[in-house]
Amino acid sequence: MIEVGISAIGTSVPAKILTNNYFEKKVDTSDEWITTRTGIKERRVLENDELLLTHVNKAVQKACERGGFSGAAMDFVISSTLTPDRICPAQSYEIANHLTAKNAFCFDLNAACSGFIYGLATAESFLKTRSVRTGLVTAGEAMSRLTNYQDRSSCILFGDAATAVVVTNQNPEHLLIKTELGAIPELAEEVIVGGVRDLQQQNLDQFYFRQNGRTVFK
């Protein structure tokens, strides 16, 4: 039986902090209300000229250094994000290029909040069924760029950050016992972020993140 797991983890967050006090001045809310309902006290957000890719690459570098891996060792890069700096090239290609992972196959996936889990499960399948030994799974989001800071129900929830894990079938540090995937397709319209069509039509109300909070909570 092939054992698959995680050998190293890396993370990176922006320096800029938005505390609950910031939102008290922006919308009708309070530190107590936010903390009681979400547990959130602060969130990190990118500066206007700061790239998400910078933090994803930092997370990757930390993971590789901690695990003693080089870019040449990577057989694949799976990058989960719904907020890449650019639509093309895929973020995974940029990561592999930065890491000089010349032999890696690369692709991005978008499963929103579940993206890292989907990426990990996909990597597990590759490591158990294909002739690969080691790869990267990253998850990075710049949700501040999709957030409507006039919407008190959602603007308090999101920040920006990146993480990366090295996954392998060569004596991993932490075994993956089981991964389980699922979805509720009939709720597809309950969480929405617009796209190119909305930008083209300058329909920004439909572009920014919005959700049915009660349904999502349940």
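In this structure, Val4 and Lys128 have side chains that are in contact, with non-hydrogen atoms separated by less than 4.5 Å. Contact check for Thr81 versus Pro84: side-chain heavy atoms found under the 4.5 Å cut-off. Two residues are said to be in side-chain contact when any heavy atoms from C-beta on lie closer than 4.5 Å; Ile6 and Val166 fail this criterion. Contact annotation: the side chain of Leu136 never approaches that of Val165 to less than 4.5 Å [non-hydrogen atoms, C-beta and beyond]. Counting heavy atoms from C-beta outward, Thr138 and Phe116 have side chains that stay 4.5 Å or more apart. Two residues are said to be in side-chain contact when any heavy atoms from C-beta on lie closer than 4.5 Å; Thr134 and Val167 fail this criterion. Contact check for Ile9 versus Thr163: side-chain heavy atoms found under the 4.5 Å cut-off. No side-chain heavy atom of Ile156 sits less than 4.5 Å from a side-chain heavy atom of Asn20.
Residue Val13 comes nearest to Arg44 through the heavy atom pair CG2-NH1, 3.7 Å, listed as atom of the first residue, atom of the second, then distance. Between Gly159 and Val45, the shortest heavy-atom distance links the atoms CA-CG1, 4.3 Å. Minimum heavy-atom separation, Thr168 to Ser7: CG2-OG, 3.2 Å. The two residues Ala121 and Thr179 make their nearest non-hydrogen contact at CB-OG1, 3.8 Å. Minimum heavy-atom separation, Ile40 to Ile34: O-CG2, 3.7 Å. Summarising the geometry of Leu52 relative to Ala142, their closest heavy-atom pair is CD2-N, 3.9 Å, with the distance given to 0.1 Å.
Put simply, the side chain of Ser114 never gets that close to the backbone of Ile117: no donor and acceptor are under 3.5 Å apart. The backbone N or O of Thr83 sits less than 3.5 Å from a side-chain atom of Glu141, completing a donor-acceptor pair. In this structure, the side chain of Asp75 does not engage the main chain of Gly135 through any donor-acceptor pair within 3.5 Å. Remark: side-chain polar atoms of Lys62 are paired, donor with acceptor, to backbone N or O of Thr11 under 3.5 angstrom. A donor-acceptor pair under 3.5 Å links the side-chain atoms of Glu50 to the main chain of Glu47, judged by distance alone. Asn57 contributes no side-chain N or O that, together with a main-chain N or O of Thr54, makes up a donor-acceptor pair within less than 3.5 Å. For Asp160 (side chain) and Ser144 (main-chain N/O), a donor-acceptor pair under 3.5 Å exists by modelled atom type.
A distance of 9.5 Å separates CD1 of Ile2 from CD of Gln170, quoted to the nearest 0.5 Å. Put simply, CG on Leu175 and CG on Asn171 are 9.5 Å apart, with the number rounded to the nearest 0.5 Å. Atom CG of residue Asn103 and atom CE of residue Met74 lie 12.0 Å apart, to the nearest 0.5 angstrom. Remark: Met143 CE to Ser154 OG distance equals 8.5 Å, nearest 0.5 Å. A distance of 5.5 Å separates CZ in Arg152 from OG1 in Thr29, rounded to the nearest 0.5 Å. A distance of 10.5 Å separates CG of Leu176 from NE2 of His174, quoted to the nearest 0.5 Å.
By the neighbour-count criterion of 12 heavy atoms within 6.0 Å, atom CZ of Arg133 is sparsely surrounded, having that number or fewer from other residues, nucleotides or ligands. Leu181 CG: more than 12 foreign heavy atoms inside a 6.0 Å radius. Heavy-atom neighbours of Glu186 CD from other residues, nucleotides or ligands within 6.0 Å: above the threshold of 12.
Under a hydrophobic-cluster definition in which Ile, Leu, Val, Met, Phe, Trp and Tyr are linked whenever side-chain heavy atoms come within less than 4.5 Å, directly or via other members, Leu127 and Ile78 are assigned to the same cluster. By the criterion of side-chain heavy atoms lying less than 4.5 angstrom apart, applied directly or through intervening Ile, Leu, Val, Met, Phe, Trp or Tyr residues, Leu120 is grouped together with Val132 in one hydrophobic cluster. No chain of hydrophobic side-chain contacts below 4.5 Å, direct or via other Ile, Leu, Val, Met, Phe, Trp or Tyr residues, connects Leu46 to Phe207.
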Open item on the list: Set out, in order, the CA-CA distance, both residues' side-chain angles and the distance that settles side chain to side chain contact (heavy atoms under 4.5 Å, CB included) for Leu146 and Leu82, then state yes or no.
Closed with: CA-CA 10 Å; Leu146 297 180; Leu82 64 86; 3.4 Å; yes
Task: side chain to side chain contact (heavy atoms under 4.5 Å, CB included) between Arg43 and Phe23, intermediate numbers included - done: CA-CA 11 Å; Arg43 65 288 290 150; Phe23 291 96; 3.5 Å; yes
Task: Audit row: Tyr208, Val193, side chain to side chain contact (heavy atoms under 4.5 Å, CB included) steps and yes/no - done: CA-CA 6 Å; Tyr208 288 114; Val193 175; over 6 Å; no
Open item on the list: Walk me through whether Asn203 and Gln206 qualify under side chain to side chain donor-acceptor pair (under 3.5 Å).
Closed with: CA-CA 6 Å; Asn203 194 4; Gln206 298 300 308; 4.9 Å; no
Open item on the list: One pair to check against side chain to side chain contact (heavy atoms under 4.5 Å, CB included): Leu157 and Gln211. What are the steps and the verdict?
Closed with: CA-CA 12 Å; Leu157 298 174; Gln211 68 176 3; 3.6 Å; yes
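Under the rule for a side chain to side chain donor-acceptor pair (under 3.5 Å), Lys26 has no partner lying at least two apart in sequence or in another chain. Taking the side chain to side chain donor-acceptor pair (under 3.5 Å) definition, one finds that Glu173 meets it with nothing, sequence neighbours left out.
Between the side chains of Arg145 and Asn48, no donor-acceptor pair of N or O atoms lies under 3.5 Å. Inspection of the Thr19 and Glu42 side chains reveals no N or O donor paired with an N or O acceptor under 3.5 Å.
Under a 4.0 Å N-O distance rule, the pair Asp31/Lys41 qualifies as a salt bridge.
Listed by first and then second residue, the ring pair (Phe, Tyr, Trp, His ring centres under 6.0 Å) pairs involving residues 136-168 are Phe158-Phe209 (not counting sequence neighbours). Sorted by first and then second residue, the ring pair (Phe, Tyr, Trp, His ring centres under 6.0 Å) pairs involving residues 55-88 (not counting sequence neighbours) are Phe76-Phe105, Phe76-Phe126.
The hydrophobic cluster containing Leu51, built from Ile/Leu/Val/Met/Phe/Trp/Tyr side-chain heavy atoms closer than 4.5 Å, comprises no other residue.
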Distance-only donor-acceptor hits, side chain of residues 91-102, under 3.5 Å, sequence neighbours excluded:
from	atom 1	to	atom 2	distance (Å)
Gln91	OE1	Ser79	OG	2.5
Ser92	OG	Phe107	N	3.1
Ser92	OG	Phe107	O	3.4
Ser92	OG	Asp108	OD1	2.9
Glu94	OE2	Arg86	NH2	2.6

